[in-house]
Number of protein chains: 2
Amino acid sequence: MPLQPVSRRSVPDAVFDQVLDEVVSGALGPGEPLPSERRLAEVLGVSRPAVREALQRMTQTRLLDVRHGGTTTVRDFRKYAGLDLLPSLLVRGGSVDTTVVRSVVEARLLIGPGVAALAAQRRDDATVADLSATVSAYAASADPVERQRHTLAYWDLVVDAADSLTFRLMFNSLRAAYEPALPVLAPVLDAGESARPYRVLTTAIDGGDPDTARAAAERVLRPSTDTLLAALHDLDTLTSREER
Amino acid sequence: MPLQPVSRRSVPDAVFDQVLDEVVSGALGPGEPLPSERRLAEVLGVSRPAVREALQRMTQTRLLDVRHGGTTTVRDFRKYAGLDLLPSLLVRGGSVDTTVVRSVVEARLLIGPGVAALAAQRRDDATVADLSATVSAYAASADPVERQRHTLAYWDLVVDAADSLTFRLMFNSLRAAYEPALPVLAPVLDAGESARPYRVLTTAIDGGDPDTARAAAERVLRPSTDTLLAALHDLDTLTSREER
DNA sequence: TCCCGGATACTGGTCAGACCACTTGACCAC
DNA sequence: GTGGTCAAGTGGTCTGACCAGTATCCGGGA
């Protein structure tokens, strides 16, 4: 078996995860008050600083409303939480949430072409060469996970070429959510992909025409999106049948 | 003058802001080591817990790499930071960064139509009614900032209708970056907008056809995007002329 | 009866100091 | 060169204390 780095979850991490789960699972709804820090520390068997650190991280994610002297209350994460919460929502309790996966690949399909169009407008020769090299590496690889890593690297370069800070940060957030789930998703995604559409997209970006690039990107993303959505649909009907 | 709530920046907040600025300004490049927590506390004249809290928040934003027993080093925020960093990058040192604004409105133009298309597919009567009501409120308002708030509420509803967690979180992140800059941007954006395109978009979403909704959304966003980009361009040429 | 004001008992914010756990690097024995 | 040992420095955690705000209740005045 392949050796893996041992995971050492810190105390505040554990507290954070617990409180986060309470919030996103709905056990603690919006507006509900949290126990005081001292009380939480006592209940969880940890020190107050540990609790504080966890709560501060929750606050940073806009999940809590902390008022000096008053009570700490839960905010509505659907209304305020940012994209950085996505990883926590995607894989919760060890398994991936299919509805969240669906929304991620949907977003990928809707945004990718736009980014490709920008990239075509602002392309430079060096990046296009990198894109070509990445496609070759992708084509030469056989392992689905490894191939998916190459597609990630490819889109990373496209985002670079688009020269947009907003899309860069968006991509980073999505990748952070995507990568942990990659081993599960890779086989399905890989089934819907081949190297040719990527080559076409590379040429389109090189050509500099936004509309061509947009169409080419759509042809890259559409097949794997469809296969994944179909797989998710099958999975849903399967589990709902089991529930009966 | 209108009274404003006094701002009570906490000690860790102040430390966080300082360290963040060091990182995003490039004064501390990727890979460079940070002083030890004890040393930072001494230099900044605060306690170690205060420093720790700030560094933990930096770590949560994927801006630092902290290793137990080892040195804390700076990560490349362009490569790892998520969309939640956008507010910090948009308004830095009191003024808005024009290149960041450009990328935000670009992203808005590229993503909005896709979300509208999804919303058309998944619309329900209640949301459409809310959309109509919001447009009316928008049309009835005269103050640019207030009108922009109504457009925000409108898109909030569109995102709701799209029923996509990913786009929901994205929208939340963008709004968090957008809202503080609204007083500055509102007059420019308002100049390029009217109520009619919003009414057309509402009808399109109600109709349920994705392509129609996409086109309508583009017609909503295009004018204000163009006027804002033009204004930014003028601003850039103006300041670069001043520099000579 | 109502309402206002202040005492009080909470809350979170901050600090100091201590100890534990871990990494690093130098040194030493083999 | 390899591996073990050790000391120094780092981040991780805890305790306990005090400061600074809020909420609540209760008594006195209208």
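Reckoned from all heavy atoms, side chains included, excluding hydrogens, waters and symmetry mates. Naming: A, B, ... by sequence-line order, numbering from 1 per chain.
Judged by the 6.0 Å distance and 45° axis criteria, R62(B) is not positioned over the aromatic ring of Y80(B).
No donor-acceptor contact under 3.5 Å links the side chain of R48(A) to the base of dG16(D). Residue-to-nucleotide contacts include a donor-acceptor pair under 3.5 Å from the side chain of H68(A) to the base of dG12(C).
What separates CG of L64(B) from C1' of dG11(D) is a distance of 13 Å, to the nearest Å. Summarising the geometry, the separation between CG on L34(B) and P on dG9(D) is reported as 19 Å, rounded to the nearest angstrom. With rounding to whole Å, Q56(B) atom CD is found 14 Å from dG13(C) atom P. Atom CD in E37(A) sits roughly 5 Å away from atom P in dG12(C) (whole-Å rounding). For the pair E53(A) CD and dG13(C) P, the computed distance is 14 Å after rounding to whole Å. Put simply, CZ on F16(B) is 16 Å from P on dG13(C), counting in whole angstrom units. Atom CG in D65(B) sits roughly 13 Å away from atom P in dT23(C) (whole-Å rounding). Atom CZ of R39(B) and atom C1' of dA8(D) are 16 Å apart (whole Å).
Across T151(B) and E193(B), no two heavy atoms sit closer than the pair CG2-OE1, 3.8 Å. When all heavy atoms of V100(B) and T166(A) are compared, the pair lying nearest together is O-OG1, 4.3 Å.
Residue P49(A) places its side chain closer to dC14(D) than to any other of dA23(D), dG13(C), dC14(D). Taking every side-chain heavy atom of P12(B) into account, dT14(C) is the closest of dT14(C), dC14(D), dT24(C).
Two residues, G70(A) and A50(A), neighbour DNA chain D, and the one matched to the more 5' nucleotide by heavy-atom proximity is A50(A). Nearest-nucleotide assignment on DNA chain D puts the 5′-proximal partner with G45(A), out of G45(A) and G69(A).
Listed pair T72(B) / dG11(D) meets the phosphate criterion, a side-chain N or O lying under 4.0 Å from OP1 or OP2. Put simply, R52(B) has a side-chain N or O that comes within less than 4.0 Å of OP1 or OP2 on dG12(D). One finds a side-chain N or O of S36(A) lying less than 4.0 angstrom from the OP1 or OP2 phosphate oxygen of dT11(C). Taking side-chain N and O atoms only, R38(A) has no distance below 4.0 Å to OP1 or OP2 of dG12(C).
For R122(A), the CZ atom sits in a packed shell: over 12 heavy atoms of surrounding residues, nucleotides or ligands are nearer than 6.0 Å.
Remark: aromatic rings of Y138(B) and Y198(B) are close, center separation under 6.0 Å.
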